[in-house]
Amino acid sequence: MTPPSNHAQHPDQPAAERGLDDPVGKPHLTDPLRSPDLAGTVTRTKRAWILLLLTTFLPGSAQLIAGHRTLGRRALTVTFSVWSLLILAGLLFLLHRTWLFSLVTGRFTSLVLMVAMILLAIGWALLFLDTLRLIRPGLLAQGMRPAVLIGCVVLMVVTSGSLGYSAYLVGVGRSALNSIFSGGQAFKPTDGRYNFLLMGGDAGEDRVGRRPDSMTVFSVDAKTGQAVTISLPRNMQNAQFSEDSPLWEAYPDGFNCGDECILNALYPTVAQEHPDLYPDSPDPGAEAMKDAASGITGLDIQAYIVVDMDGFSNLIDALGGITVDVGGRVPIGGGTDEITGEKNPIDGYIEPGVQHLDGFHALWYARSREGASDYDREARQRCVQSAMLAQLDPANVLTKFQSITDAGEQIIETDIPEAQLSSFVDVGLKAKDHELIQYGAAPPYYEDMFPTYPDYDQFRSGVSEVIEGSKSGQTPTPLAALPAASIVGMGQQLALGETPEQAGTADVELAAELTENGTCSVP
């Protein structure tokens, strides 16, 4: 008499069959994913890796097919919901990415995003642990158990760990944004452009108050992202103000008290002597510089950013240093102490050639005055800025994000509202498609005496022409790049690349050229 089959005794279980790697006569269930007990060694190993990969790429699917269907359905619902949100985010990025950036940078929405990422990271880790339970490592061949356990841990770290670290970065970034940026409503572009003033503030121990030794107006087309930078030299005299500026009452004829009233002296003067002119501002000096930049350029300056050079070295160190190709020997130290009037000692030199500079040496390279003109110094500062941007690659930012944001909180001040960030990020992405157009009220775009005796009507006209030309990609032509028969009083025509014959004929001094002290490049 033939004994009843296993299927007849247990009709709710699948019928048995022999696996290819099993000895003859040993039963093997046809559904090894759900019932690995009687599967062969190779089949169990394959099953373990399949379940781990399913949890990696489709969280919840391993539970659904291997026996924990309720958990699997719930986890898959979350997985598909996340996928749907990611697809929606992708569509928003393509169609209206400002909305997406608003969600990411907003205080409440970024908090929701951070919490959601933490919960997803925890849930994903729990799914891996449940998958390991379903694998039943005790059924695996002894040599495969460590490999599967290690594989599970590695995949858990890569997936759940990465998601948790991303939540940490969102939290750090959220804290930094709240610390640096102000509240209030976002502002709209003026004449289709965003205009803001970037200042490098120097408040060292040998200085009386903070003075912005580098001042640059950024004017960015809100639609295309084409940016124009307009350098304002620190020694510019007789800064102008519009009639609606609070400074008009104190300086109706401009900031014109002689050699002492150079542009960067306006900051400490207003901060110390006229803070009541800006009663609602936490930084009256910075507000005064905005008004001066508006009067000088003819643009509506909507916001300011101050980078405190005294803490600048911390940011360089957070980036891991910068690499520059130094053109000429630059002293560390030197200059004159403004308080005592005595000469400062020279403590060393930054030598020519390719140098990797830490924060201390990068700061001195940017600020050293000994044996250099203001234009040499400004050129070195631009080089340091370019080197910093080169260091801001994704890998460097992600691995040093905490240090970078900590340094940023220490050295950056701004009146840009946090609600403005989404539009600025959008414009910044557009700007990457264009070359940065540079201009300034000094050599090489004007003769070297122009900042001392500026013709503001001429300069404002030049700014207007450069911005108009930037819409078609025209870049300013430095005076030093022209033939010897340059043109006096034709800065705006020359800035747009016209030849001397097109702009007119007159004799001018050639713009001052940089010395070796100011020559620098980023390798």
Side-chain angles (χ1 to χ4, degrees), residues 19-21 28-93 100 104 110 112-173 394-395 397-399 401:
L20 295 177
D21 60 317
H28 178 65
L29 299 179
T30 58
D31 189 5
L33 284 173
R34 293 181 60 84
S35 303
D37 305 70
L38 301 178
T41 303
V42 174
T43 303
R44 290 171 181 169
T45 300
K46 291 180 180 178
R47 172 183 179 274
W49 291 111
I50 289 173
L51 293 180
L52 287 175
L53 291 175
L54 286 174
T55 303
T56 301
F57 296 104
L58 192 61
S61 57
Q63 283 70 26
L64 186 65
I65 67 176
H68 202 160
R69 292 187 174 181
T70 300
L71 177 60
R73 290 191 188 97
R74 292 174 180 174
L76 280 174
T77 299
V78 174
T79 297
F80 290 135
S81 298
V82 171
W83 283 5
S84 299
L85 290 174
L86 290 175
I87 292 172
L88 178 61
L91 292 175
L92 276 178
F93 182 82
L100 178 63
V104 174
S110 61
V112 172
L113 177 62
M114 181 180 66
V115 172
M117 294 174 76
I118 292 173
L119 294 176
L120 288 173
I122 294 173
W124 212 344
L126 292 176
L127 285 177
F128 271 106
L129 294 177
D130 187 68
T131 299
L132 192 62
R133 179 188 65 82
L134 294 173
I135 289 172
R136 297 168 65 180
L139 297 178
L140 299 175
Q142 190 169 359
M144 286 304 300
R145 294 173 190 171
V148 170
L149 289 173
I150 292 173
C152 181
V153 171
V154 170
L155 292 174
M156 188 189 304
V157 171
V158 170
T159 55
S160 178
S162 297
L163 194 56
Y165 184 67
S166 299
Y168 161 76
L169 295 182
V170 171
V172 171
V397 171
L398 287 175
T399 56
F401 191 75

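Residues: numbered from 1 along the sequence shown.
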Evaluate the side-chain contact (heavy atoms from CB on, under 4.5 Å) criterion for residues Leu149 and Leu132: first the C-alpha distance (whole Å), next the side-chain angles of each, then the deciding distance (0.1 Å), finally the verdict. CA-CA 8 Å; Leu149 289 173; Leu132 192 62; 3.8 Å; yes
Between Pro59 and Leu76 the two heavy atoms that sit nearest each other are O-CD2, 3.5 Å
Heavy-atom closest contact (Leu64 atom, Arg69 atom, distance): O-CG, 3.4 Å
Heavy-atom closest pair, residues Ser160 and Trp124: CB-CB, 4.1 Å
Pairwise side-chain contact, Val153 with Phe128, heavy-atom cut-off 4.5 Å (strictly under): no
Could you walk me through whether Val78 and Arg74 satisfy the side-chain contact (heavy atoms from CB on, under 4.5 Å) test, starting with their C-alpha distance in whole Å, then the side-chain angles of each, then the deciding distance to 0.1 Å, before giving a yes or no? CA-CA 6 Å; Val78 174; Arg74 292 174 180 174; 5.9 Å; no
So, for Gln63 and Leu71, which heavy atoms are closest and what is the spacing to 0.1 Å? CG-CD2, 3.8 Å
Students often mix this up, so state it plainly: with edges at 30° and 60°, are the rings of Trp83 and Phe80 parallel, tilted or perpendicular? perpendicular
Looking at Val148 and Leu140, what are the two nearest heavy atoms and their distance? CG2-CD1, 3.7 Å
For Gly164 and Ala121, work out which heavy atoms get closest and say how close. N-CB, 3.7 Å
Could you walk me through whether Thr131 and Leu54 pass the side-chain contact (heavy atoms from CB on, under 4.5 Å) check? CA-CA 9 Å; Thr131 299; Leu54 286 174; over 6 Å; no
Any chance you could measure Leu88, atom CG, to Leu100, atom CG, to the nearest 0.5 Å? 9.0 Å
Which salt bridge (charged side-chain N to carboxylate O under 4.0 Å, His left out) pairs, counting each pair once, include a residue from residues 132-146, with sequence neighbours left out? Asp37-Arg136, Asp130-Arg133
Rounded distance [0.5 Å steps], CG in Leu52 versus CZ in Arg47: 10.5 Å
Output for pair (Ser61 OG, Ile50 CD1), nearest 0.5 Å, gives 11.0 Å
side-chain contact (heavy atoms from CB on, under 4.5 Å) test vs Thr159 passes for just one of Thr56, Leu127, Leu120, namely Thr56
Derivation and outcome, side-chain contact (heavy atoms from CB on, under 4.5 Å), residues Leu129 and Met156: CA-CA 9 Å; Leu129 294 177; Met156 188 189 304; 3.9 Å; yes
